[in-house]
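Quick notes on the structure that follows.
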Amino acid sequence: MKSSIPAIIFGIVIFFAFQMVLPFPYGIFLGILFGGLVIWYGKKNASKQKDSLLNYRRKDPINEKERAQNDEALRILEKKYIEEKISKQEYQKRKKEFEDTEYNPRKCKVCGSEDFEFIVDKRIEKLGEPLSDEGYYKCKKCGAK
């Protein structure tokens with residue numbers, strides 16, 4: 001929602017710019033077209049809140065990129081505790097969730113491997129919410145779900 005407001009304002013500015021520069025029928029048509037494209041793009045690519053741990057943390061980190069993402073989320077959590085935005089109990093509770101995830105990795109039930117890949121079944125795009133994927137993890141070694 002926060003990124004759609006600047007997109008709407010910018011779309012209106014583009015609409016009026018075309019109105020002032022081009023003659024009557026072309027200015028309205030191109031103003032509506034380009035202004036609408038800017039508003040549509042702004043709403044479609046709404047940015048996530050960077051400090052939101054719920055949007056940022058991976059529950060089941062599989063590769064180095066996801067582990068690095070969890071490390072960044074833990075750093076943000078520590079920063080919030082230092083700035084006294086959350087209580088000590090809340091900090092300890094959330095930190096324990098990170099430790100449980102990192103030190104108890106998922107293992108394949110068939111071959112015992114810890115090397116997985118995420119297979120995307122469908123992508124979910126809801127207005128005002130972060131982009132999310134639905135799918136499952138597949139073992140890279142034996143191919144089991």
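Worth saying up front: this structure is predicted, and the values here are computed from it rather than measured.
A single hydrophobic cluster is seen to contain both F24 and I32, as judged by linkage of ILVMFWY side chains at heavy-atom distances under 4.5 Å, directly or through other members. Criterion: ILVMFWY side-chain heavy atoms under 4.5 Å apart, direct or through other members. Under it, I12 and F34 are not part of a common hydrophobic cluster. F10 and F18 fall within a single hydrophobic cluster, where Ile, Leu, Val, Met, Phe, Trp and Tyr side chains are chained together by heavy-atom contacts under 4.5 Å.
Note: R94 CZ to Q89 CD = 13.0 Å, rounded to the nearest 0.5 Å. L30 contributes atom CG, which lies 10.5 Å from atom CG of L37 (distance to the nearest 0.5 angstrom).
With sequence neighbours left out, the ring pair (Phe, Tyr, Trp, His ring centres under 6.0 Å) criterion links F16 to no other residue. The ring pair (Phe, Tyr, Trp, His ring centres under 6.0 Å) check on Y91 picks up Y81, with sequence neighbours excluded. Scored by the ring pair (Phe, Tyr, Trp, His ring centres under 6.0 Å) test, F15 finds no partners at all (sequence neighbours excluded).
Here the closest heavy-atom approach between residue G42 and residue A7 is recorded as CA-CB, 3.6 Å. Contact detail for I8 and I39: the closest heavy-atom pair is CA-CG1, 3.8 Å.
More than 12 heavy atoms of other residues, nucleotides or ligands sit less than 6.0 Å from atom CD of E83.
Proximity of I86 to L77: side-chain heavy atoms (C-beta onward) are separated by under 4.5 Å at one or more points.
E78 has no carboxylate O lying under 4.0 Å from a charged side-chain N of R75, or vice versa, which leaves the two without a salt bridge.
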### Pair L22-I28, side-chain contact (heavy atoms from CB on, under 4.5 Å): steps then yes or no
CA-CA 9 Å; L22 297 174; I28 288 180; over 6 Å; no

